[in-house]
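What follows is one structure encoded as structure tokens, with my remarks underneath.
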Number of protein chains: 2
Amino acid sequence: MTYGNALHALADPTRRLVMESLRSGPRAVGDIARGMPVSRPAVSQHLKVLKEAGLVTDRAEGTRRVYYIDPNGLAALRAWLDQFWDKALGAFQAETEKSFEKEKPE
Amino acid sequence: MTYGNALHALADPTRRLVMESLRSGPRAVGDIARGMPVSRPAVSQHLKVLKEAGLVTDRAEGTRRVYYIDPNGLAALRAWLDQFWDKALGAFQAETEKSFEKEKPE
DNA sequence: CGTTTCCGTAAGTCATAGCTTACCGTAAGC
DNA sequence: GCTTACGGTAAGCTATGACTTACGGAAACG
């Protein structure tokens with residue numbers, strides 16, 4: 001149920017901002033917080049959630065912590081979405097066919 | 001920013017249960033609520049959120065409302081995820097290469 | 001070593017989200 | 001037409017989550 005954590009983590013707009021800022025590459029916490037609408041501790045808390053969801057990882061670099069995107073969480077989310085998509089699409093197509101028959105009653 | 005709504009909607013476990021129950025095909029509200037851990041009004045509220053996120057649609061059928069999955073929301077989410085995946089993966093690979101060079105200092 | 005930088009955590013506040021019960025409109029059934 | 005099934009909405013409660021300030025610890029720097 002790791003995709004559940006990923007969905008929960010990505011549901012927050014600020015956390016998505018953090019992810020976006022990491023999309024271009026690894027960054028330190030203070031660097032991420034700079035230019036964010038919230039305080040640095042808030043960013044730390046968000047990073048913790050993202051890390052637990054498997055969306056980011058961190059690495060110590062002297063006195064600073066460098067965070068970067070972890071593909072695992074994204075992969076889990078994508079796998080769930082794809083699997084969902086396949087089954088749901090079939091059901092939806094059957095539905096549109098039904099309303100299609102209404103307009104072409106033959 | 002419709003993927004934001006989709007993420008927010010799918011972040012809730014009960015709402016995911018609703019989506020799962022619609023995966024096999026269209027169902028009426030009462031039918032969905034039957035076998036859910038929450039009350040029927042709660043399901044109605046969840047359906048409203050899902051509908052606003054473009055994840056479900058409904059159709060009147062006599063006195064009952066039949067809900068079924070709307071591919072639009074899922075498609076938006078998937079598009080965002082794919083686009084994110086591509087850019088982030090490159091950054092991550094550059095990162096792993098960096099730690100790889102550490103182990104092979106030549 | 002003292003100091004400074006960087007960051008995580010604790011404590012507390014405030015808004016929001018999810019749930020319930022109660023109520024109302026609407027379409028079918030007799 | 002009255003009643004019954006169905007489902008959306010209102011009102012209210014409670015828990016959780018996102019933020020803040022304040023504090024503490026660890027690594028570099030002089």
Side-chain angles (χ1 to χ4, degrees), chain A residues 1-22 25-70 73 102, chain B residues 1-22 25-70 73 102:
Chain A
M1 202 162 293
T2 180
Y3 65 87
N5 296 333
L7 283 169
H8 168 253
L10 292 174
D12 183 75
T14 307
R15 241 150 15 212
R16 284 202 299 272
L17 275 181
V18 172
M19 288 295 284
E20 299 279 355
S21 88
L22 289 179
R27 297 179 72 184
V29 176
D31 194 24
I32 300 174
R34 183 165 309 275
M36 282 256 154
V38 296
S39 68
R40 185 198 51 76
V43 172
S44 267
Q45 293 164 4
H46 283 310
L47 285 168
K48 183 179 182 181
V49 174
L50 289 170
K51 185 177 177 180
E52 287 170 355
L55 290 166
V56 301
T57 326
D58 60 334
R59 157 178 41 110
E61 193 155 302
T63 169
R64 58 185 79 189
R65 297 230 123 220
V66 175
Y67 281 81
Y68 52 98
I69 289 186
D70 181 357
K102 274 187 180 177
Chain B
M1 200 163 296
T2 180
Y3 66 86
N5 296 334
L7 283 169
H8 166 254
L10 291 175
D12 183 75
T14 307
R15 237 141 31 205
R16 284 201 300 272
L17 275 182
V18 172
M19 289 295 285
E20 299 277 356
S21 87
L22 288 178
R27 297 179 73 184
V29 176
D31 194 22
I32 300 173
R34 183 165 308 276
M36 282 257 153
V38 296
S39 68
R40 185 198 49 77
V43 172
S44 267
Q45 294 163 3
H46 283 309
L47 285 168
K48 183 179 182 181
V49 174
L50 290 170
K51 184 177 177 181
E52 287 170 355
L55 291 166
V56 301
T57 325
D58 61 334
R59 157 178 41 108
E61 193 155 302
T63 170
R64 59 186 81 190
R65 298 229 123 218
V66 174
Y67 281 81
Y68 52 99
I69 289 185
D70 181 357
K102 275 189 180 175

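We name chains A, B, ... by the order of the sequence lines, and we start the count at 1 in each one. Scope of the values below: all heavy atoms of this structure, side chains included, with no hydrogens, waters or symmetry mates.
Regarding Tyr67(A), its OH atom lies at a distance of 9 Å from the P atom of dC7(C), rounded to whole Å. Atom-to-atom, CG of Leu50(B) to C1' of dA17(C) comes out at 14 Å; the value is rounded to the nearest Å. Regarding His8(A), its NE2 atom lies at a distance of 13 Å from the C1' atom of dT16(C), rounded to whole Å. Arg65(A) has its CZ atom 11 Å from the C1' atom of dA26(D), to the nearest Å. Taking atom CG of residue Leu47(A) and atom P of nucleotide dA18(D), one finds them 13 Å apart after rounding to whole Å. For the pair Asp31(B) CG and dG7(D) P, the computed distance is 9 Å after rounding to whole Å. As rounded to whole Å, 11 Å separates atom C1' of dA10(C) from atom NZ of Lys48(A). In this structure, CZ of Arg16(A) is placed 17 Å from P of dG17(D), rounded to the nearest angstrom.
Under the rule for a side-chain hydrogen bond (donor to acceptor under 3.5 Å, both in side chains), Glu52(A) has no partner lying at least two apart in sequence or in another chain.
Of all non-hydrogen atoms in Ala11(B) and Ala11(A), the two that sit nearest each other are CB-CB, 3.6 Å. Shown here for Thr2(B) and Ala53(B), the closest heavy-atom pair between the two residues is OG1-O, 4.3 Å. The minimum heavy-atom distance linking Arg64(A) with Ala28(A) is given by the pair CD-CB, 4.0 Å. Between Leu47(B) and Val56(B), the closest heavy-atom pair is O-CG2, 3.9 Å. Between Met19(A) and Ile69(A), the shortest heavy-atom contact is O-CD1, 3.9 Å.
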I'd like a list of close polar pairs between nucleotides 19-22 of chain C and the protein, N/O only, cut-off under 3.5 Å.
residue: dC19(C); atom: OP1; partner: Thr14(B); partner atom: OG1; Å: 3.1
residue: dC19(C); atom: OP2; partner: His46(B); partner atom: NE2; Å: 2.1
residue: dT20(C); atom: OP2; partner: Ser39(B); partner atom: N; Å: 2.8
residue: dT20(C); atom: OP2; partner: Ser39(B); partner atom: OG; Å: 2.6
residue: dT20(C); atom: O4; partner: Gln45(B); partner atom: NE2; Å: 3.1

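Place Glu61(A) and Arg15(A) on DNA chain D by their nearest nucleotides, and Arg15(A) ends up nearer the 5' end.
Residue-level contact check: Ala33(B) touches neither bases nor backbone, having no heavy atom under 4.0 Å from any strand. If you check every strand for non-hydrogen atoms under 4.0 Å, Ala28(B) touches sugar and phosphate atoms only.
Between Thr63(A) and dC6(C) there is no side-chain polar atom (N or O) within less than 4.0 angstrom of OP1 or OP2.
A 4.5 Å side-chain heavy-atom check between Val29(B) and Tyr67(B) finds at least one atom pair inside the cut-off.
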